[in-house]
Amino acid sequence: MELAYNPQEIEQKWQKRWDELKLFDANEDPARKKYYVLEMLPYPSGALHMGHVRNYTLGDALARYMWMKGYNVLHPIGWDAFGLPAENAAIKHGRHPTEWTFSNIEVMRTQLKRLGVSYDWRREMATCVPEYYRWNQWFFLKMFERGLAYRKKSRVNWCPKCETVLANEQVANGFCWRHEDTPAIERELDQWFLKITAYAERLLDDMQHLVRWPDRVLTMQQNWIGKSLGTFVDFRLDALGEPLQVFTTRVDTIFGCTAVFIAPEHPIVEKLIANSQSSENLRAEAERVKASAVRARFEVNLEKVGIDTGFKARNPYNGQFVPVWLANFVLMEYGSGVVMAVPAHDQRDFEFCTAYGLPITTVIVPLEGSLPEMLDAAYVDYGRLVESGAYTGLTSEQAIERMTRDAEAKGFGKGTVQYRIKDWGISRQRYWGTPIPIVYCDACGIVPVAEKDLPVILPPDVKLTGTGQSPLGEVPEFVQTKCPRCGGAARRETDTMDTFIDSAWYFYRYTDPKIASSAIDGKAVKYWFPVDQYIGGITHAILHLIYMRFFSKVMQDIGLVDFPEPVARLFTQGMVLKGGTAMSKSKGNVVDPTEMCAQYGADTVRLYVMFAAPPEKDFDWSESAIEGAWRFLSRVYRLAGKYIERLRKVNTWSSKDSSSSLTAEERRLLRKAHQTLRHVTADMEERWHYNTDIAMMMELVNEISELEGAVVEGKIRPEILKASLESLLAMLSLFAPHIADELWEALGHDQPLLRTPWPAYDSELAAEEELEIPVQVNGKLRARVRVPAGAAEEVIRRRALAEDKVAALANGKQIVKVIVVPKKLVNIVVK
RNA sequence: GCUGGAGUGGCGGAACUGGCAGACGCACGAGACUCAAAAUCUCGCGCUGCGUAAGCAGCGUGGGGGUUCAACUCCCCCCUCCAGCACCA
């Protein structure tokens, strides 16, 4: 086998062979331990990119390792096939989204297969087929039944030039992404929402089960949910005869309240205008504040503006009347839409009150030290109360508790929990998504489609114009229907669902992708769940990974599953960059995986991607570094090729064959092999620093290479060389599976490595016999001594002190202390 | 602004529990093979100073301080970069 390494030939051969052997088919088998490896499903954009390669190679290494460890491994793949790009392609090139999507899937499937990832392709699914999305609709109906899906008027971003709704991500600094001169405006539209806020507390609580999730992700989710404890306080508003409800987390500062601020969109504003003595003027001013509030949603640090309504509200704690203002920075959608202004202890209030000349009263002082007479910024920390009536002298913590209790007792307020997370708006005025299964009947109102009538099929013939109207509205045969309740003429909902719905539960469906009688098969889910390892980009830390958790909790509540969290362990990989930034077509810096495979082969591409950096870090693609991976594999191929004829004929040595008669060279080779095995095995279980695993394999190859002379001279028996080489191939097969199987077969094996047990390391063989111990004098390295691995502390000490250099440095000085750390180092302290 | 993460040779990175900083690879330099090139192989490669040399000494993990016999690692302060959220009261 003196041929040059030809990855194209080898890879094609093995992909075919694996396929024939059904090597990656996962079948439920209660007798075997299962392992579910899941990677985030790709959007079929038309081309695989390096981020995908990284994601899938990571999962593949783990899947292959678990197979070899004897697990029954489920490793599926599918397509997140609904989404806006398909629709844009339709508008631009006149191709139907279905055709565009499936031809992209075709291309990307070929690309994926070229990489040789260990998927069970029988389970492949696309979310855009009725067999899948009907269950989106079913989940929607279940939520509707439980009041978890509801309809509400809501503000959306709208570009007047595009005539269309913009997603939040499509608005940059308040302007449309396509028309940088056109500010997005807000429109009120009826939208469907899922009540994720009802699950806020459980989403937080159940994080305790997510011990194997990165802290980073949990923290981001925590911030996103944004729980805060606070107090509602009713300020009497005599002019309207109804109170203004204020929300605050700092009721301890309320004696310093010098005004009340209302969000300009607050419904009470209309009543204030109606009751005002200068209605006209107030209306105009209120409009101005509102306009600025809209801008403030996009502009950072927009100047604070407001208007005094002329009304006064009464602070129930001290009976004082304070002016009621509208202010552009108060958010309607958080708390009660009304806040109290405490300029001395809130920076925003401070800025506003300074600008408008409102009084500033200090009511909190630090526990130690004091505050200046004239504040130049708000003092926002907790402290001790002053000038606060009966509460003076309490700490902030004590005051918050007692003042809230008092408000409840006297009936002018109550403690409350607020969340920042908002309900999930799922309506999209688009075509390429799941139709929302709702019918509007003049007689019956909002009526859900009956379960038996699912799926509501997305009609194939639709004109896509991009006008911003829901395309389904233009299809009379779709819109016109009968009311499921009264049978009368009715209209269908024409919006479709957010595609995050599709990905919120797809991984359940993999366990039985073809089941037609229900969304998931309970038995299959019971066997395969939870997902043991989920792998994907950090970009999904919040949205997808919260929606997915939310769906699981709803599924738990409707009795589909019996656990709160579907994913036991999460890994978030870093990005693959080029020239310091993400690869993108517009930047023209895309490295095409398929081209790379054609140039170097899939094994090289995969090995390089794993070797370049630890998987959680971003890394920059390097044309020259991939050559290193290629060189390494070529070297392995050449090296193995040199010996294969001889090794094929001998049996593999095993440590059971007695290790006493090993030569020094044999021990050296086996030591390196077993040290590498030890490292890789430990790493696969926990850390996943695949870059160091590959580095260790390179060291092993270097060692085999260096020992070539010893092999020739017969100081290393072929059986032992074979054993070392086979360990190497087993490890290599995690990252470069094709070349590993090729050489494995050449060594005389008829089953691929995936069906071979993972080699156990022998700690005795891995142990060093002799150690080189560094000797420091006053912490500086001065000498090294070689000692047997088990040398007693005293022996090491004596040897260290006997070193010429040590003696020279200690000469004429006093040895204060000798620290001997067995197996590590000696440090001699002299004075 | 808040929250989280990171900062180590020319570059990617290693050092897992406080114990030899720079494993492994890339780039680079020298040599071998070759008519030549590619490929391959061998050697060198943190910085500075001294020395013809083997070598010797000092400095060195973003900066400053501290704890320790010993700090990339622990503590305090500061700087820079990246990410997420962003007037959430």
Side-chain angles (χ1 to χ4, degrees), chain A residues 4 214-224 226-228 230 246-251 253 261 263 293 296-297 299-302 304 327-331 333-342 345-349 351-352 380 418-422 538-539 541-542 574-575 580 608 611-614 616-629 631-632 634-635 638 679 682-683 686-687 689 691-702 705 772-784 805 816-830:
Chain A
D215 287 341
R216 191 153 64 123
V217 172
L218 296 180
T219 319
M220 277 163 84
Q221 293 206 357
Q222 238 163 43
N223 294 341
W224 184 261
K227 178 179 181 173
S228 68
V246 160
F247 173 71
T248 179
T249 56
R250 289 297 302 274
V251 70
T253 64
F261 296 156
R297 294 186 60 191
E299 272 175 63
V300 195
N301 288 332
L302 191 77
K304 292 182 172 45
N328 66 340
F329 65 93
V330 180
L331 303 172
E333 52 278 354
Y334 188 75
S336 59
V338 185
V339 300
M340 63 185 198
V342 185
H345 305 295
D346 181 284
Q347 189 54 31
R348 295 155 301 188
D349 298 344
E351 286 164 25
F352 190 95
V380 297
Q418 294 293 313
Y419 299 94
R420 209 154 122 180
I421 192 172
K422 289 174 200 141
I538 185 72
T539 32
I542 303 177
M575 290 191 300
Y608 167 60
F611 181 61
E616 70 277 7
K617 266 187 78 167
D618 291 351
F619 84 91
D620 213 280
W621 185 267
S622 153
E623 292 294 339
S624 62
I626 190 174
E627 298 273 352
R631 275 201 285 265
F632 172 67
S634 306
R635 206 158 161 237
R638 265 198 316 275
H679 182 274
D683 194 69
E686 200 49 48
R687 223 169 52 130
H689 278 198
N691 54 327
T692 66
D693 298 340
I694 294 166
M696 290 283 285
M697 289 179 215
M698 288 173 168
E699 286 187 57
L700 175 56
V701 170
N702 291 345
S705 203
E772 201 177 52
I773 305 275
V775 180
Q776 300 180 334
V777 177
N778 287 344
K780 279 186 182 154
L781 181 69
R782 297 299 180 183
R784 297 167 203 278
K805 258 186 98 173
V816 182
K817 208 184 209 178
V818 180
I819 291 135
V820 181
V821 184
K823 295 185 183 163
K824 293 286 186 193
L825 102 174
V826 179
N827 191 9
I828 297 158
V829 187
V830 301

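Just so we're on the same page: letters track the sequence lines, and every chain starts at 1. Below, each value reflects all heavy atoms present in this structure, side chains not excepted, and no hydrogens, waters or symmetry copies.
Residue-level contact check: V330(A) touches the bases, meaning some heavy atom is under 4.0 Å from a base atom. K823(A) comes within 4.0 angstrom of nothing in the nucleic acid, heavy atoms only. The residue R216(A) sits close only to the backbone: its heavy atoms come under 4.0 Å of sugar-phosphate atoms, none of a base. Nucleic acid contact class of V821(A) (heavy atoms, under 4.0 Å, all strands): base. Residue-level contact check: H345(A) touches neither bases nor backbone, having no heavy atom under 4.0 Å from any strand. When heavy atoms are screened at a 4.0 angstrom cut-off, I542(A) is found touching the sugar-phosphate backbone but no base atom. S228(A) comes within contact range of the sugar-phosphate backbone alone, with a heavy-atom separation under 4.0 Å but no base atom that close. Using a 4.0 Å heavy-atom distance criterion, D618(A) is classed as a sugar-phosphate-only contact.
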Would you give a per-nucleotide map of nucleotides 21-27 of chain B, 5' to 3', where B means the base has a protein non-hydrogen atom under 4.0 Å away, S means only the sugar-phosphate does, and - means neither? --BBSSS
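As a whole-Å value, the separation of Q347(A) CD from rC88(B) P is 11 Å. Rounded to whole Å, atom C1' of rA86(B) lies 7 Å from atom CZ of R420(A). Atoms CH2 (W224(A)) and P (rG4(B)) sit 18 Å apart, rounded to a whole Å. We find that CG of D620(A) is positioned 13 Å from C1' of rG13(B), with the value rounded to whole Å. With rounding to whole Å, K817(A) atom NZ is found 10 Å from rU68(B) atom P. Straight-line distance from the CD1 atom of I538(A) to the P atom of rG5(B): 12 Å, rounded to whole Å. Regarding I819(A), its CD1 atom lies at a distance of 12 Å from the C1' atom of rG18(B), rounded to whole Å. In this structure, the CD atom of E333(A) is 13 Å from the C1' atom of rA89(B), given to the nearest Å.
Nucleotides rU61(B) and rA54(B) have their C1' atoms positioned 30 Å apart, rounded to a whole Å. Nucleotides rC20(B) and rG13(B), compared at atom P, are 22 Å apart to the nearest Å. For rC24(B) and rA32(B), the C1' atoms lie 25 Å apart once the distance is rounded to whole Å. On the C1' atoms, rA21(B) is 8 Å away from rU8(B), given to the nearest whole Å. When the C1' atom is compared between rG9(B) and rU3(B), the two are found 33 Å apart, to the nearest whole Å. For the C1' atoms, the distance from rG60(B) to rC72(B) is 11 Å, rounded to whole Å.
Between M696(A) and E699(A), the closest side-chain pair of non-hydrogen atoms falls below 4.5 Å. Side-chain contact between V775(A) and K805(A) is absent, with no heavy atoms from C-beta onward closer than 4.5 Å. Two residues are said to be in side-chain contact when any heavy atoms from C-beta on lie closer than 4.5 Å; I538(A) and R216(A) meet this criterion. Looking at I421(A) and Q221(A), their side chains never come closer than 4.5 Å, going by heavy atoms from C-beta outward. Inter-residue side-chain proximity for H689(A) and E616(A) is flagged as met; some heavy-atom pair is nearer than 4.5 Å. The shortest distance between side-chain heavy atoms of N778(A) and V829(A) falls below 4.5 Å.
Seen from the ring of F352(A), K304(A) does not count as a face-on cation partner, given the 6.0 Å and 45° thresholds.
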Reading RNA chain B 5' to 3', how would its secondary structure be written in dot-bracket notation, given Watson-Crick and G-U pairs with both distances under 3.5 Å, brackets [ ] for crossing pairs and | for partners on other strands? (((((((..(((......[....))).(((((.......))))).(((((....)))))..(((((..]....))))))))))))....
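Closest to the side chain of K824(A), out of rA89(B), rG84(B), rG19(B), is rG19(B). Taking every side-chain heavy atom of R782(A) into account, rA57(B) is the closest of rC88(B), rA57(B), rU3(B). When distances are taken from the side chain of K304(A) to each of rC88(B), rU40(B), rC87(B), the shortest belongs to rC87(B). Across rG19(B), rC59(B), rA14(B), the shortest atom-to-atom separation from the side chain of K780(A) is found for rC59(B).
A donor-acceptor pair is defined here as one N or O able to donate and one able to accept, closer than 3.5 Å; no such pair exists between the side chain of D346(A) and the backbone of A341(A). Using a distance-only test at 3.5 Å, with no hydrogens or angles considered, no donor-acceptor pair links the side chain of D618(A) to the main chain of G574(A). In this structure, Y608(A) contributes its side chain and S622(A) its backbone to a donor-acceptor pair below 3.5 Å.
With rounding to the nearest 0.5 Å, the separation of CZ in F329(A) from CZ in R348(A) is 7.0 Å.
For the pair V829(A) and R687(A), nearest-nucleotide mapping onto RNA chain B gives the more 5' position to R687(A). Nearest-nucleotide positions on RNA chain B place H679(A) closer to the 5' end than the other of H679(A) and V338(A).
For K617(A), no side-chain nitrogen or oxygen approaches OP1 or OP2 of rG7(B) to under 4.0 Å. Put simply, Y419(A) has no side-chain N or O that comes within less than 4.0 Å of OP1 or OP2 on rC88(B).
Under the salt bridge (Lys or Arg N to Asp or Glu O under 4.0 Å) criterion, E627(A) pairs with no residue at all, not counting sequence neighbours.
Contact of R250(A) with rA89(B) (side chain to base): no donor-acceptor pair of N or O atoms is detected under 3.5 Å.
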